[in-house]
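Just so you know, these numbers use all the heavy atoms, side chains as well, and skip hydrogens, waters and symmetry mates. In this text, all values refer to a predicted model and were calculated from it rather than measured experimentally.
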Amino acid sequence: MSPFRSHMDLALSEARAAAARGEVPVGAVVVAPDGSVVARAGNRTREMNDPTAHAEILALRAACAAAGSERLPGHDLYVTLEPCPMCASAISQARIARLYYGAPDPKSGGVAQGPRVFSHPQSHHAPEIYDGIAADAAAGLLKAFFAGRR
């Protein structure tokens, strides 16, 4: 097994790119068991006119396509913001092994806040969860983005 290396820097880069496109700055990166990055994405809901085009969903879709499977056992997901309930459910369905996220989302989160998707009996798989990774940087991007909208 490879030594641990955080990929949150890549997720933050995707979040910054999303903000530059006028999207809410959230970025996600999927890492294979061998440590290679297999997918990365930022929010594209406005660009694609698609409410499901969250960074996590787009990254999971690309990683599953690359793997030729709907499941990604042993894979890690890095995301700059606590996943919403929709994304948390997709993470469970994809069988992601470890979820690393940055800022908490008290308003729309679905992991540590609100519905806590992984704690429900209907959740067939719960990843290991590591929160607070580069949380200040992730929260700063979100605060700056929304301050510019007001």
Side-chain angles (χ1 to χ4, degrees), residues 2-32 35-67 70 72 75-120 122-123 125-150:
S2 307
F4 176 77
R5 175 179 177 263
S6 176
H7 293 275
M8 192 58 80
D9 56 334
L10 295 176
L12 286 165
S13 176
E14 289 294 331
R16 285 189 285 275
R21 293 189 302 271
E23 301 278 357
V24 175
V26 177
V29 174
V30 179
V31 179
S36 63
V37 173
V38 293
R40 50 192 288 181
N43 276 356
R44 291 184 180 274
T45 59
R46 292 184 174 112
E47 174 187 331
M48 299 174 82
N49 299 312
D50 180 354
T52 70
H54 289 197
E56 302 96 314
I57 299 292
L58 296 174
L60 288 172
R61 286 177 183 162
C64 286
E70 79 280 12
L72 300 167
H75 287 65
D76 297 343
L77 176 66
Y78 290 81
V79 62
T80 57
L81 182 65
E82 175 184 351
C84 73
M86 173 184 70
C87 291
S89 182
I91 291 163
S92 176
Q93 294 296 321
R95 306 302 197 263
I96 289 292
R98 284 163 296 280
L99 167 65
Y100 299 89
Y101 70 86
D105 188 354
K107 181 180 173 221
S108 301
V111 176
Q113 325 277 334
R116 295 181 171 96
V117 169
F118 301 126
S119 67
H120 285 263
Q122 293 84 2
S123 177
H125 171 79
E128 293 174 28
I129 300 168
Y130 302 92
D131 62 352
I133 313 294
D136 291 343
L141 283 173
L142 289 158
K143 285 177 185 159
F145 177 82
F146 287 113
R149 299 272 181 223
R150 292 190 176 103

- Query: Quick one: do the T52 and D50 side chains pair a donor with an acceptor below 3.5 Å?
  - Reply: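 T52 vs D50: donor-acceptor pair found between side chains.
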- Item | From OG1 (T45) to NE2 (H54), nearest 0.5 Å |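 Answer rounded to 0.5 Å: 6.0 Å.
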- Under 3.5 Å, is there a donor-acceptor pair linking the side chains of S123 and R116?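 Per modelled atom types, S123 and R116 side chains form no pair under 3.5 Å.
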- Message: Just verifying a value: how many Å separate D9 CG and T80 OG1, rounded to the nearest 0.5 Å?
- Response: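 So the gap between those two atoms works out to 12.5 Å.
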- Task: Please test L72 against C64 for side-chain contact (heavy atoms from CB on, under 4.5 Å), starting from the C-alpha separation and ending with a verdict.
- Result: CA-CA 7 Å; L72 300 167; C64 286; 3.8 Å; yes
- Query: Taking side chain as C-beta onward, heavy atoms only, is V29 less than 4.5 Å from V31?
  - Reply: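 Yes; the side chains approach each other to less than 4.5 Å.
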- Measuring from E82:CD to K107:NZ, what's the distance to the nearest 0.5 Å?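 The NZ atom of K107 is 13.5 Å from CD of E82, to the nearest 0.5 Å.
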- Query: For the ring-ring contact (aromatic ring centres under 6.0 Å, His included) test, which of Y78, Y100, Y101 pairs with H7?
  - Reply: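 The single option meeting the ring-ring contact (aromatic ring centres under 6.0 Å, His included) with H7 is Y78.
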- What's the shortest heavy-atom distance between S108 and P85, and which atoms?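 Taking every non-hydrogen atom into account, O-CD, 3.4 Å.
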- OG on S89 to CD on Q122, rounded to 0.5 Å: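 These two atoms lie 10.5 Å from each other.
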- Message: Salt bridge or not between R21 and E47? Use side-chain N to carboxylate O under 4.0 Å.
- Response: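 Salt bridge present between R21 and E47.
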- Query: Per the side chain to side chain contact (heavy atoms under 4.5 Å, CB included) rule, which among L77, I129, V117 passes with I91?
  - Reply: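 Per the side chain to side chain contact (heavy atoms under 4.5 Å, CB included) rule, the option paired with I91 is L77, out of L77, I129, V117.
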- Query: What is the distance from atom NE2 of H75 to atom CZ of R98, rounded to the nearest 0.5 Å?
  - Reply: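 Those atoms lie 10.5 Å apart.
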- Minimum heavy-atom separation for M48 to A53, with atom names?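 Scanning both residues, the minimum pair turns out to be SD-CB, 3.9 Å.
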- Message: So, taking the atom named CG in D131 and the one named CD1 in I133, what distance separates them when rounded to the nearest 0.5 Å?
- Response: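 Separation between the atoms: 7.5 Å.
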- Query: Ignoring hydrogens and geometry, is there a side-chain-to-backbone donor-acceptor pair from E23 to R46 under 3.5 Å?
  - Reply: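 Yes: the side chain of E23 pairs with the backbone of R46.
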- Message: Can you confirm whether V30 sits close enough to D76 that some side-chain heavy atom of one is under 4.5 Å from a side-chain heavy atom of the other?
- Response: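 A side-chain contact under 4.5 Å is absent here.
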- Item | Over all atoms of both residues, closest heavy-atom pair of L81 and E56 |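 Closest approach of L81 to E56: O-OE2, 4.1 Å.
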- Message: For S92, is there any backbone N or O sitting under 3.5 Å from a side-chain donor or acceptor partner on R95?
- Response: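 Yes: the side chain of R95 pairs with the backbone of S92.
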- Query: Quick check: does any side chain N or O of R61 sit under 3.5 Å from a backbone N or O of A59, one acting as donor and the other as acceptor?
  - Reply: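 Judged by distance alone, no pair lies under 3.5 Å.
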- Write down the atom of G22, the atom of F145, and the distance for their closest heavy-atom approach.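 Scanning both residues completely, I find the closest heavy atoms to be O-CZ, 3.8 Å.
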- Any chance you could lay out the side-chain contact (heavy atoms from CB on, under 4.5 Å) test for C84 and D105, step after step, and finish with the verdict? CA-CA 8 Å; C84 73; D105 188 354; 5.9 Å; no
- Task: Answer whether the closest heavy-atom distance between the side chains of R16 and P25 falls below 4.5 Å.
- Result: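 Of all side-chain heavy-atom pairs linking P25 with R16, none is under 4.5 Å.
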- Item | Atom of A134, atom of L12 and distance for their closest heavy-atom approach |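 In this case the closest contact between A134 and L12 is CB-CD1, 4.0 Å.
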- Item | Closest non-hydrogen atom pair, P51 against M86 |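 Between these two residues, the closest heavy atoms are O-CE, 3.9 Å.
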